[in-house]
Q: 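Let me begin by handing over the structure; questions about it come next.
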Amino acid sequence: NDEVLGDMERLAGELGQWAAVVESLDAALPALGDDAARKLELLHRAGQLCESQLGDGDAAVARYLQALEVDAEDGESLRSLDRLYEALERWRDMADVLVRLVALPDIAPDEAVEVRFRLGQTLQHRLGDVDGALAAYREILDTQADHADTVAALEDLFGRDIRRADIAAILEPIYRMSEAWDRLGELKARTLDLVSEPEAVVARLRELAEITEEQLGDAVGAFGWLGRALKDAPLDESLLSELERLAATTGSWADLTNVYADVVETEGATSAVQTEIGKRLARVHEEELGDLESAEAAYSFVLGDAPLDPAALEALDRIYAAAGEAEKLAMVLERRAQIAEDPEAKTDFTFRLAELTRNELGQGEAAVRWYRAIVDARAGLPVAARRGRAAVRAGAGDSRRGARDAGRPRGAARGRGPLDRACGHPRAAARERGRRRAAYGHRAARRRGVSASRGRRGAGHRRGPPRARPRPGLLRRAPR
């Protein structure tokens, strides 16, 4: 009877006899039979009096648990137990109550999120159950992805290096959805050490570079990530292209040479890696930085692994020719001639080598060998053969004259013919030949050379009258 119950509580308040009221409520329960609603009402009232008037939390808990035996989904009893267990620091019991509370069919969505978060916090901080806490946080984010408290809790765990891989898997889609690119980049960077396979490492670094450049607008930072990736994939053409694109965009060519040098000097680097990256390093030094000395050193390093590499030899040809390094250029030309498959190219390299050996190094006999090599190899090609034979004659003549004139005083060297001997000096002979060509024409000067030169031997010699020159068209050969 509600009226009687009210009178009892007023009297208990005056006399301080709340325990007697609770006993009366407990005694009245058996008489209610199957009246579940009335039982719940009395048990709730008894629990409230134990908690608020008697200050006996355990007694209150006992009444609410008794109420749950009447109705397992009694929300008021569950919420009261939640409050009492927290006050009594009975954390495991509190977690169990929160699990039952969030499963109530009539719980509001916002309340369910709050209860789940409290469950996760209790499991994480009070019971040390990280797995259970993560499960609770994941359920919250599945229904409300922007729940700031849950995201902060996960970030706290991640920052303390607790279950980083699992937490990263939860946070990544949230960061992408909210376009929190700076936090996503930090997340990816801090989980890089969890990736072991080289292919996965490269993929992660390229993803970091993409986020850094496209979303954060930091091309220099993107260059740094790709530079790290190159150590695990040094022959990846797309990666190399991206690196050089970023180097051109940011002007980081000097940094790129450092990246390439680190790759080349990596312990265990294969010959193919050293050759390819070494050539790229040399090209950057030569074309982008204008450092020919460093470019030469890099190309020479490449030739240490690949002595006949065409690209390295071509570049060194260009560098040595510009610098006037005749001896080094001769070595490069000899190798280029050796590997050339095109006969025309082989001829060009060999002829350049012969000219260099003859004119710059002063090695006539060696030059003759190269000239003759051209003639022998290109006998079937008239143009090349003519050029080769003329060069051989010139080179051979130089070599023979050098041998004859050794030890002779200047101006006393023997000429190549009667006119040279008659004039006594090559320059005088050359002037005489020029005069005769002007007077008689080229062929006539050659025919008159011997007799005219002999005419100078004696002072009293008198040359006879010149013969009349035939007119054009009068001398014809009879047909055979």
Side-chain angles (χ1 to χ4, degrees), residues 5-6 8-10 12-13 15-30 32 36-140 147 149-150 152-154 156-157 160 162-163:
L5 181 60
M8 287 179 61
E9 290 184 359
R10 283 193 299 272
L15 301 176
Q17 297 294 322
W18 295 108
V21 176
V22 173
E23 290 176 3
S24 299
L25 293 174
D26 291 340
L29 290 174
L32 297 176
R38 189 60 177 167
K39 283 184 178 181
L40 288 175
E41 182 181 353
L42 294 181
L43 287 170
H44 291 164
R45 186 57 184 162
Q48 292 169 3
L49 293 175
C50 290
E51 181 181 1
S52 60
Q53 302 300 331
L54 299 178
D56 188 351
D58 291 333
V61 167
R63 271 64 181 183
Y64 288 125
L65 289 176
Q66 193 174 353
L68 289 177
E69 292 177 1
V70 177
D71 182 1
E73 295 182 347
D74 180 26
E76 183 176 348
S77 296
L78 288 172
R79 292 179 179 89
S80 297
L81 285 171
D82 174 18
R83 181 180 64 254
L84 287 166
Y85 284 147
E86 184 175 14
L88 297 171
E89 297 184 356
R90 293 171 60 174
W91 307 116
R92 174 51 62 187
D93 293 330
M94 176 182 170
D96 293 339
V97 167
L98 291 173
V99 170
R100 295 179 65 177
L101 184 59
V102 80
L104 292 177
D106 59 345
I107 191 170
D110 291 342
E111 184 185 4
V113 170
E114 181 183 355
V115 171
R116 281 197 177 95
F117 180 72
R118 291 183 60 234
L119 173 60
Q121 291 283 286
T122 301
L123 292 171
Q124 176 186 345
H125 297 293
R126 301 300 183 181
L127 300 175
D129 183 2
V130 177
D131 290 338
L134 289 179
Y137 295 147
R138 189 180 286 109
E139 289 177 355
I140 294 171
H147 191 260
D149 291 338
T150 302
L154 289 170
D156 176 67
L157 286 170
R160 291 188 284 127
I162 298 174
R163 302 292 294 275

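Counting begins at 1 with the first residue of the sequence.
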Q: Contact between Leu134 and Leu157 at the side-chain level, heavy atoms closer than 4.5 Å - yes or no?
A: yes
Q: Quick one: CD on Glu69 to NZ on Lys39, what's the gap to the nearest 0.5 Å?
A: 10.0 Å
Q: Do you know the tightest heavy-atom contact between Ala67 and Ser77?
A: CB-OG, 3.3 Å
Q: Could you give the distance from CG (Leu49) to CH2 (Trp18), rounded to the nearest 0.5 Å?
A: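 Answer rounded to 0.5 Å: 6.0 Å.
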Q: Minimum heavy-atom separation for Leu101 to Gly75, with atom names?
A: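 So the minimum-distance heavy-atom pair works out to CD1-O, 4.5 Å.
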Q: Run the salt-bridge test on Asp96 and Arg100 with the 4.0 Å N-O cut-off and return the result as yes or no.
A: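 Between Arg100 and Asp96 there is no salt bridge, as every charged N stays at least 4.0 Å from the carboxylate O atoms.
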Q: Taking all atoms of both residues into account, what is the closest heavy-atom pair of Tyr64 and Glu51, and its distance?
A: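 For Tyr64 versus Glu51, the nearest heavy atoms are OH-OE1, 4.2 Å.
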Q: Provide the closest heavy-atom pair for Trp91 versus Glu86 in the form atom of the first, atom of the second, distance.
A: CH2-O, 3.9 Å
Q: Decide yes or no for Asp149 and Gln121: does some side-chain heavy atom of the first lie under 4.5 Å from some side-chain heavy atom of the second?
A: no
Q: Identify the two heavy atoms, one from Val115 and one from Ile107, that lie closest to each other, and give their separation to 0.1 Å.
A: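 Heavy atoms only, the tightest pair is CG2-CD1, 4.4 Å.
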Q: Test side chain to side chain contact (heavy atoms under 4.5 Å, CB included) on Arg63 and Asp26 and set out the steps.
A: CA-CA 9 Å; Arg63 271 64 181 183; Asp26 291 340; 2.4 Å; yes
Q: Hey, is Arg79 close enough to Glu76 for a salt bridge, meaning N to O under 4.0 Å?
A: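 Between Glu76 and Arg79 there is no salt bridge, as every charged N stays at least 4.0 Å from the carboxylate O atoms.
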Q: Measure the CD1-CG distance between Ile140 and Leu119 for me, rounded to the nearest 0.5 Å.
A: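 The CD1 atom of Ile140 sits 8.0 Å away from the CG atom of Leu119.
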Q: Within this structure, what is the CG-CZ distance for the pair Leu154 and Arg163, rounded to the nearest 0.5 Å?
A: 11.5 Å
Q: Got Asp82 and Met94 here, is their nearest side-chain heavy-atom distance under 4.5 Å?
A: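 Yes, side chains in contact.
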Q: Atom CG in Leu78, atom OH in Tyr85: separation rounded to 0.5 Å?
A: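 Nearest 0.5 Å value for the CG-OH distance: 9.5 Å.
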Q: State whether Asp58 and Arg90 are salt-bridged, where the test is any N-O pair (Lys NZ or Arg NE/NH1/NH2 against Asp/Glu carboxylate O) under 4.0 Å.
A: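 Yes, charged N to carboxylate O under 4.0 Å.
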Q: Walk me through whether Glu139 and Val102 qualify under side chain to side chain contact (heavy atoms under 4.5 Å, CB included).
A: CA-CA 11 Å; Glu139 289 177 355; Val102 80; over 6 Å; no
Q: Using a 4.5 Å cut-off on heavy atoms from C-beta on, say whether the side chain of Val61 contacts that of Leu81.
A: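 Sidechains of Val61 and Leu81: in contact.
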Q: Among Arg45, His44, Arg38, find the residue that satisfies the side chain to side chain donor-acceptor pair (under 3.5 Å) test when tested with Glu41.
A: Arg38
Q: Nearest 0.5 angstrom please: Arg126 CZ to Arg118 CZ, how far?
A: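 Arg126 CZ to Arg118 CZ: 11.0 Å, rounded to 0.5 Å.
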Q: Can you name the closest pair of heavy atoms from Val22 and Cys50 and give their distance?
A: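 What the structure gives for the nearest pair is CG1-SG, 3.9 Å.
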